[in-house]
Amino acid sequence: MSSTTRDRAAGADGARGRGRRSGGGGGPFRRAMGRHWYALAMVAPVILVTGLLIGWPLARGVYLSLTDATEANIGRTIGVNVIPSTYEFVGLENYVGILTSSLFWDKLTWTVIWTVACVALHYGLGLGLALLLNRRLRFRSAYRLLLILPWAIPGFVSAFIWRYLYNSDFGVINAMLRAAGLGAVGWLDDPTTAKIAVIAVNVWMGVPFMMVAMLGGLQSIPGELYEAAEVDGATPWQRFRFITLPGLSTVSSTVVLLGTIWTFNMFPVIYLISGGGPGSSTEILVTYAFREAFTGVRNYSNSAAWGVIILLLLVVLAVVYRRSLRKQGEVW
């Protein structure tokens with residue numbers, strides 16, 4: 001073997017050795033572990049905790065939704081007596097029963113109306129307040145503090161305060177109406193006024209988040225764009241339409257999706273203010289699923305099926321929303 005051939009063979013062996021030492025060999029997972037082992041080690045506790053707190057309950061809920069588990073046949077311990085579970089696997093029977101019932105579609109219709117109305121008012125009022133606070137105003141910091149207070153107050157506290165305000169006999173709102181010479185209104189006694197009442201409370205609680213997000217988006221838009229448009233003779237509406245709205249598109253797409261998910265599952269407002277009433281007129285999907293599991297004869301399997309359906313609806317919504325944004329050129 002010539003010296004040139006030996007040198008080439010030695011070089012190839014050295015390259016293979018360096019490739020093995022640098023993690024070049026093996027499959028993609030092995031290379032990723034060799035390259036990013038520190039990052040994976042740092043996020044491993046988070047993945048483990050998330051799997052225990054979210055993954056296991058989710059898997060358990062999906063399993064229960066495929067059974068006929070109720071309070072009567074689920075396993076439990078009474079004193080020293082252990083009663084075994086007797087519920088059975090029934091497949092998709094719970095889902096078929098829910099999706100073919102008029103009750104589900106009634107609740108879904110009201111939940112969609114509730115979500116669309118709240119998110120639209122959240123976004124519209126939040127954007128309007130953000131535009132006002134983005135101007136130079138006296139006491140602007142004080143206004144920001146006052147407007148963000150509803151967001152800072154815990155949701156259950158806000159719900160109890162508003163429930164007192166809506167009280168037919170002792171509520172502040174009816175007291176003001178009486179002082180103005182008007183009759184009292186049973187805000188939570190009529191289905192229409194109860195729906196208006198819970199929407200108003202949720203809007204009051206959710207507008208500050210939208211305002212803060214929109215204000216941050218407005219402040220990230222370069223001021224030179226407005227100056228150039230003004231020099232070119234653009235009207236305020238044209239500047240808003242062609243500069244402000246496109247500049248807020250990324251922020252808007254994110255907060256609208258988050259607001260939709262939060263409002264769709266806004267349990268505290270409905271449960272603590274109206275209790276789903278009068279009757280079940282203000283009951284949304286998530287509060288009804290709660291009642292199935294924790295009131296009356298507890299139907300755990302049916303409640304789990306309602307929960308899985310709610311999750312699937314939100315996943316479908318998120319996927320469709322993401323695809324529509326991609327078609328518009330948004331990378332999200």
Side-chain angles (χ1 to χ4, degrees), residues 49-78 82-116 118 155-156 159-160 163 188 191 194-195 198-199 201-202 258 260-319:
V49 172
T50 303
L52 291 175
L53 296 181
I54 298 177
W56 165 246
L58 177 61
R60 177 66 174 171
V62 172
Y63 170 71
L64 283 178
S65 71
L66 301 174
T67 67
D68 61 350
T70 64
E71 186 178 18
N73 58 22
I74 200 166
R76 55 197 180 275
T77 302
I78 303 177
V82 178
I83 302 175
S85 301
T86 57
Y87 59 84
E88 299 177 351
F89 184 83
V90 296
L92 300 177
E93 182 178 316
N94 292 319
Y95 294 97
V96 173
I98 292 172
L99 295 176
T100 56
S101 67
S102 60
L103 176 66
F104 169 76
W105 297 105
D106 291 341
K107 300 304 177 191
L108 178 61
T109 301
W110 161 236
T111 304
V112 171
I113 294 173
W114 148 267
T115 303
V116 171
C118 289
F156 71 92
F160 282 128
R163 185 177 177 87
L188 303 179
K195 291 177 178 179
V198 293
I199 288 175
V201 174
N202 195 55
L258 290 176
T260 300
I261 294 173
W262 292 340
T263 305
F264 200 89
N265 287 326
M266 183 54 69
F267 177 85
V269 171
I270 301 294
Y271 186 76
L272 296 177
I273 292 181
S274 68
S280 62
S281 58
T282 59
E283 200 100 69
I284 60 176
L285 292 176
V286 67
T287 57
Y288 187 82
F290 171 83
R291 290 192 181 281
E292 282 286 282
F294 296 103
T295 61
V297 179
R298 301 179 179 183
N299 193 335
Y300 300 120
S301 58
N302 208 42
S303 176
W306 278 80
V308 173
I309 291 173
I310 293 170
L311 175 62
L312 293 177
L313 287 173
L314 291 174
V315 169
V316 170
L317 171 67
V319 170

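Computed from heavy atoms alone, side chains included, the values below leave out hydrogens, waters and symmetry copies. These numbers come from a predicted model, not from an experiment.
Listed here is the closest heavy atom pair of N202 and M266: OD1-CG, 3.4 Å. Here the closest non-hydrogen pair linking L188 and I273 is CD1-O, 3.3 Å. In this structure, P191 and P278 approach most closely via the heavy-atom pair N-CG, 3.6 Å. In terms of heavy-atom proximity, A159 sits nearest to P268 at CB-O, 4.3 Å.
Contacts classified as salt bridge (charged side-chain N to carboxylate O under 4.0 Å, His left out) and involving residues 95-105 (residues at least two apart or in different chains) are not found. For residues 274-297, the pairs satisfying salt bridge (charged side-chain N to carboxylate O under 4.0 Å, His left out) are E283-R291, with sequence neighbours left out. Counting only residues at least two apart or on different chains, no salt bridge (charged side-chain N to carboxylate O under 4.0 Å, His left out) pair has a member in residues 93-116. Residue pairs meeting the salt bridge (charged side-chain N to carboxylate O under 4.0 Å, His left out) criterion with at least one partner in residues 301-318, sequence neighbours excluded, are absent.
The CD1 atom of I98 sits 9.0 Å away from atom CG of L103, with the distance rounded to the nearest 0.5 Å. A distance of 10.0 Å separates CD1 in I309 from CG in L108, rounded to the nearest 0.5 Å. Once rounded to the nearest 0.5 Å, the distance linking CG of N265 with OG1 of T287 reads 10.5 Å. Distance check: T67 OG1 to E88 CD gives 10.0 Å after rounding to the nearest 0.5 Å.
Residues passing the ring-ring contact (aromatic ring centres under 6.0 Å, His included) test with F267 are Y271, F290, sequence neighbours excluded. Y288 is linked by a ring-ring contact (aromatic ring centres under 6.0 Å, His included) to W306, counting only residues two or more places apart in sequence or in another chain. Partners of N299 under the side chain to side chain donor-acceptor pair (under 3.5 Å) rule, at least two apart in sequence or in another chain, are S301. With sequence neighbours excluded, the residues forming a side chain to side chain contact (heavy atoms under 4.5 Å, CB included) with L66 are F89, L92, Y95, listed by chain and number. Legend: residues meeting side chain to side chain contact (heavy atoms under 4.5 Å, CB included) with L312, ordered by chain and number and at least two apart, are V308. Applying the side chain to side chain contact (heavy atoms under 4.5 Å, CB included) test to W110 and every residue at least two apart in sequence or in another chain returns I113, W114, K195, V198, I199, T282, I284. Evaluation of the side chain to side chain contact (heavy atoms under 4.5 Å, CB included) rule for V116 yields V112 as partners, not counting sequence neighbours.
Of the possible polar contacts, none joining the S303 side chain to the Y300 backbone as a donor-acceptor pair under 3.5 Å is found. A donor-acceptor pair under 3.5 Å links the side-chain atoms of T115 to the main chain of T111, judged by distance alone.
Two residues are said to be in side-chain contact when any heavy atoms from C-beta on lie closer than 4.5 Å; F264 and L313 meet this criterion.
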Counting only pairs under 3.5 Å, give me each side-chain donor-acceptor contact of residues 49-61, with atom names and distances, residues two or more places apart or in other chains.
residue	atom	partner	partner atom	Å
T50	OG1	V46	O	2.7
R60	NH2	Y87	OH	3.4

